[in-house]
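It should be emphasised that the depicted structure is a prediction, and the values quoted were computed from it without experimental measurement. Numbering starts at 1 and runs along the sequence shown.
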Amino acid sequence: MPNQKIFLVLALQFTFLITAHAQLRFEQDFDDDAKPWQEIVTQLPAAPKNENLIPFYVSATTTLKFAIDSKSLTAGSDGVIRYVLVSKSTSGSENISYEGIRCSSSEVKLYAFGHKDGTWGRSRRDKWEPIVEKTTNRQHAALAHDYFCDNKLIAGSVDEILDRMRMQRPFTQGFNGN
C-alpha cells in the first residue's frame with residue numbers, strides 16, 4: 001500500500017510537471033515580442049500601367065508628382081505593405097520603384113527599380129530605413145501616415161487603402177503615433 005501511495009504521488013508530480021511545461025511552451029508560442037521578425041520572400045510585380053496609377057498628395061512644396069500602381073499593392077503576412085511607386089518630374093522624366101513600408105517600425109525598403117522595357121533591376125540599397133518626415137518629397141511619410149499605417153498597424157485591407165487613395169481621403173494628418 002505505501003508503494004502505491006508513493007507511485008501515485010510521483011505520477012501526480014510528473015503529470016504536473018508535464019502540464020506546466022506544456023503551458024510554458026503554449027505561452028512562449030504566443031509571445032510575439034520574443035520572436036524575431038522575419039520578412040517574407042517577395043516577388044516582383046508586373047510593370048505598372050497608366051490606367052492603374054493612383055496619384056496621391058505629398059506636400060505643397062514637392063517637386064515631383066507621385067502615384068502608386070493599384071495592382072501592385074499587397075499587405076504581407078509579415079506586416080509589410082508592398083507597392084510600385086511612380087514618380088514624375090515636371091519635365092516628364094519618370095522613376096519607377098518597388099518598395100515596402102513596415103508600419104510597426106515606420107520603415108521603408110526599396111526592393112527594385114523599374115526600367116522602360118518593363119523589367120526590374122535590384123536596388124543596391126535594399127535595407128530597411130526610417131521614414132523621415134520632411135516638407136518636400138515626403139512620399140514615404142505620406143503613404144505611411146496618411147494611407148497605409150495607423151498606430152503602427154496596417155490601416156485596413158488593401159481594398160480599404162485603395163478606396164481611401166482613390167477618394168483622396170487621407171485618414172490622418174501627420175504621424176498619428178507612428
Does [X] have any side-chain contact (heavy atoms from CB on, under 4.5 Å) partners at least two apart in sequence or in another chain, and if so, which?
X      : result
Thr90  : none
Arg169 : Met167
Ser59  : Thr61, Thr62, Arg138
Ser105 : Arg102, Glu107

Taking only residues at least two apart or on different chains, which pairs with a member in residues 63-73 satisfy side chain to side chain donor-acceptor pair (under 3.5 Å)?
Thr63-Asn137
With sequence neighbours excluded, give me every side chain to side chain donor-acceptor pair (under 3.5 Å) pair touching residues 42-53.
none
Under 4.5 Å side-chain linkage, directly or through intermediates, the cluster mates of [X]:
X      : value
Val80  : Trp37, Leu44, Leu53, Val84, Val86, Ile96, Tyr98, Tyr111, Trp120, Trp128
Phe113 : Leu110
Val41  : none

Roughly how far apart are [X] [atom1] and [Y] [atom2], rounded to 0.5 Å?
X      : Y      : atom1 : atom2 : value
Lys152 : Cys103 : NZ    : SG    : 9.5 Å
Leu153 : Ser104 : CG    : OG    : 8.5 Å
Lys127 : Glu129 : NZ    : CD    : 10.0 Å
Ile68  : Leu143 : CD1   : CG    : 6.5 Å
Gln139 : Ser97  : CD    : OG    : 8.0 Å

Determine, stepwise, if the pair Leu64 / Val58 fulfils side-chain contact (heavy atoms from CB on, under 4.5 Å).
CA-CA 9 Å; Leu64 300 170; Val58 172; over 6 Å; no
Glu160 side-chain N/O to Ser157 backbone N/O, donor-acceptor pair under 3.5 Å
yes
Taking all heavy atoms of Ala144 and all of Ile131, pick out the closest pair and write down the distance.
CB-CD1, 3.7 Å
So which heavy atom on Ala141 is nearest to which on Val132, and how close?
CB-O, 4.1 Å
Taking the side chain as C-beta and beyond, is there a heavy-atom pair between Phe56 and Leu85 under 4.5 Å?
yes
Would you mind reporting whether Ser77 and Ile40 have side-chain heavy atoms less than 4.5 Å apart?
yes
Taking atom types as modelled, find out whether Tyr83 and Glu99 have a side-chain donor-acceptor pair closer than 3.5 angstrom.
yes
Which is it for Leu73 and Phe148 under the side-chain contact (heavy atoms from CB on, under 4.5 Å) test, yes or no, and what are the steps along the way?
CA-CA 10 Å; Leu73 188 69; Phe148 293 173; 3.8 Å; yes
Partner set under salt bridge (charged side-chain N to carboxylate O under 4.0 Å, His left out) for Arg124, not counting sequence neighbours:
none
With sequence neighbours excluded, what pairs up with Glu94 under the salt bridge (charged side-chain N to carboxylate O under 4.0 Å, His left out) test?
Lys88, Lys116
May I have all residue pairs that pass salt bridge (Lys or Arg N to Asp or Glu O under 4.0 Å) and include part of residues 73-87, sequence neighbours excluded?
Glu39-Arg82, Asp78-Arg82
